[in-house]
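Read through the structure below, which is laid out as structure tokens, and then see the notes.
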Amino acid sequence: HALWREPNVGFLFGYLYYVWAHEGQRGTKNFILGRYKESWLRSIRHFVLDEARTRFPTLSEDDYLVIKEPNGSVGAPLLMEALPESRMILLIRDPRDVAASTMDARRTGGWSYERNKRLYLEGQRVPADKDPDAFVENPANQYLRNVGNSKLAYDAHQGYKVLVKYEELRAETLGTMKRIYSTLGLPVDEGELARVVEKHSWENIPKGEKGEGKFYRKATPEGWRDDLTPEQAKTVERITAPLLKEFYPYDGGSQSPPQKLPLN
């Protein structure tokens with residue numbers, strides 16, 4: 001399949017529609033993405049399809065274009081409504097692990113810090129290690145918005161769709177990939193799929209390319225228990241509570257599980 005890596009079209013429309021206009025409580029009467037949704041939703045559809053045809057001119061009607069759009073997932077409801085014939089994969093990860101990963105990437109010397117170093121040096125961004133307890137609120141709020149909107153899109157979508165947890169993808173990669181293809185109604189050569197899974201496995205990433213501060217960090221579900229302080233974990237749990245309750249029901253959380261009373 002061809003891959004369109006993070007075009008941010010979801011961010012373009014989703015941020016304007018859900019954050020700038022609605023969360024910002026700005027007047028939407030004259031906003032171009034305000035009334036007449038049927039009209040501007042068609043415009044979004046043509047905008048995406050026309051650009052896809054231009055960027056991937058060799059794709060035929062029998063080919064698939066995979067769009068990876070984590071940072072644009074705030075606009076998932078608009079995109080899926082505009083493109084109802086599309087298939088949808090909703091990939092979920094524990095928000096506490098997401099917060100821990102984000103903090104590691106954006107602390108001084110982390111891969112995201114180094115990639116955007118100028119913004120930090122100019123004071124436009126603050127590294128995570130300057131005030132970790134305050135910083136952790138940012139990835140938690142972003143998770144609530146992005147994953148929350150993605151879940152709304154997933155629930156409303158009437159076409160092929162599949163829900164996948166990062167933890168099961170990590171534990172049983174090949175089996176989970178087979179389930180994805182089967183659920184989405186896509187043909188796949190299982191031998192080729194097995195070879196691809198092996199090629200891109202965590203174990204086959206060179207040791208020098210993974211570890212603390214690197215893009216490939218640890219790939220360990222529930223690693224947040226070692227990475228976050230109890231206070232930081234509670235902050236993430238409080239902010240993401242609706243999604244945490246649905247996707248990760250009580251697992252002990254940042255608290256120890258309740259002790260059973262002895263039966264005397």
Side-chain angles (χ1 to χ4, degrees), residues 1-6 64-73 87-116 128-129 132 135-136 139-140 142-143 146-147 150 154 161-184 186 188-229 232-233 236-237 240 243-244 247-249 251-254:
H1 316 305
L3 173 63
W4 195 355
R5 188 185 299 275
E6 302 191 40
Y64 294 97
L65 175 61
V66 179
I67 300 179
K68 177 194 175 195
E69 182 87 321
N71 295 314
S73 53
R87 291 164 167 81
M88 181 178 181
I89 300 174
L90 176 56
L91 177 60
I92 299 291
R93 189 180 185 187
D94 190 312
R96 293 161 294 194
D97 278 327
V98 173
S101 179
T102 303
M103 291 179 69
D104 181 76
R106 297 185 183 179
R107 61 169 43 102
T108 305
W111 69 266
S112 182
Y113 176 93
E114 291 298 325
R115 181 177 292 181
N116 302 282
D129 48 328
F135 180 90
V136 77
Q142 189 173 37
Y143 183 101
N146 288 355
V147 177
S150 295
Y154 183 84
K161 58 185 177 182
V162 62
L163 172 65
V164 182
K165 286 187 177 181
Y166 170 87
E167 293 78 12
E168 61 186 355
L169 189 63
R170 179 75 181 97
E172 183 51 54
T173 309
L174 183 57
T176 303
M177 290 298 296
K178 288 180 179 179
R179 178 173 69 84
I180 291 173
Y181 272 91
S182 175
T183 305
L184 296 181
L186 298 176
V188 63
D189 181 308
E190 293 195 2
E192 176 66 14
L193 183 61
R195 287 189 290 272
V196 171
V197 166
E198 175 64 19
K199 176 182 178 181
H200 295 284
S201 69
W202 168 260
E203 289 71 21
N204 281 335
I205 297 175
K207 289 185 178 180
E209 296 181 13
K210 55 188 178 183
E212 297 298 322
K214 294 184 171 61
F215 183 81
Y216 303 106
R217 191 172 66 102
K218 61 194 301 184
T220 304
E222 295 195 8
W224 63 268
R225 296 182 183 277
D226 297 321
D227 300 329
L228 301 180
T229 66
Q232 292 165 359
V236 178
E237 291 167 359
T240 65
L243 296 171
L244 196 62
F247 294 115
Y248 296 92
D251 58 0
S254 56

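Heads up: numbering here begins at 1 and tracks the sequence.
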Mind checking the OH-NZ spacing from Tyr216 to Lys210? Nearest 0.5 Å is all I need.
10.5 Å
Between Arg195 and Glu198, does any NZ, NE, NH1 or NH2 come within less than 4.0 Å of an OD or OE carboxylate oxygen?
no
Which heavy-atom pair separates Glu6 from Pro70 by the least distance, and what is that distance?
CG-CD, 3.9 Å
Identify whether NZ of Lys or CZ of Arg in Lys68 sits under 6.0 Å from the centre of the six-membered ring of Trp4 and within 45° of that ring's axis.
no
Asn71 CG to Asn146 CG distance, which is reported to the nearest 0.5 Å:
7.5 Å
Closest non-hydrogen atom pair between His1 and Tyr181, with its separation
NE2-OH, 3.2 Å
Using 4.0 Å as the upper bound for N to carboxylate O, is an ion pair formed by Arg93 and Glu222?
no
Go through the steps to decide whether Arg87 and Leu186 satisfy the test side chain to side chain contact (heavy atoms under 4.5 Å, CB included), and finish with yes or no.
CA-CA 10 Å; Arg87 291 164 167 81; Leu186 298 176; 3.4 Å; yes
Can you give me the closest heavy-atom contact between Ala194 and Leu174, atom names plus distance?
CA-CD1, 3.8 Å
Over all heavy atoms of both residues, which pair between Phe135 and Met103 is shortest? Give the atoms and the distance, please.
CD2-CG, 3.6 Å
Spacing of CG belonging to Leu244 relative to CD belonging to Glu237, to within rounding of 0.5 Å
6.0 Å
Leu243 versus Tyr143, closest heavy-atom pair with distance:
CD1-CE2, 3.9 Å
Heavy-atom side-chain proximity of Arg106 to Asp129 below 4.5 angstrom
no
Between Val164 and the options Ile92, Thr183, Thr176, the side chain to side chain contact (heavy atoms under 4.5 Å, CB included) test singles out Thr176
Measuring from Ser201:OG to Arg170:CZ, what's the distance to the nearest 0.5 Å?
8.0 Å
Compute whether any side-chain donor of one residue and acceptor of the other, for Tyr248 and Glu167, lie under 3.5 angstrom apart.
yes
Could you report the tightest heavy-atom contact between Leu163 and Tyr154, atom names first, then the distance?
N-OH, 3.3 Å
Do the non-hydrogen side-chain atoms of Asp94 and Tyr166 ever get within less than 4.5 Å of each other?
no
Is Thr173 reaching over with its side chain to a backbone N or O of Leu169, donor-acceptor style, under 3.5 angstrom?
yes
Report the distance from atom CG of Leu91 to atom CD1 of Ile180, rounding to the nearest 0.5 Å.
8.0 Å
Got a second to check how far Arg107's CZ is from Ser112's OG, nearest 0.5 Å?
12.0 Å
Give a yes-or-no answer on whether the side chains of Ser101 and Asp104 include a donor-acceptor pair shorter than 3.5 Å.
no
Does a side-chain N-to-carboxylate-O contact under 4.0 Å join Glu69 and Arg5?
no
State, with a plain yes or no, whether a side-chain heavy atom of Leu193 is found less than 4.5 Å away from one of Lys178.
yes
Going by heavy atoms in the side chains, are Val236 and Trp224 under 4.5 Å from each other?
no
Using the side chain to side chain donor-acceptor pair (under 3.5 Å) definition, which of the options Lys218, Arg96, Gln232 pairs with Asp227?
Lys218
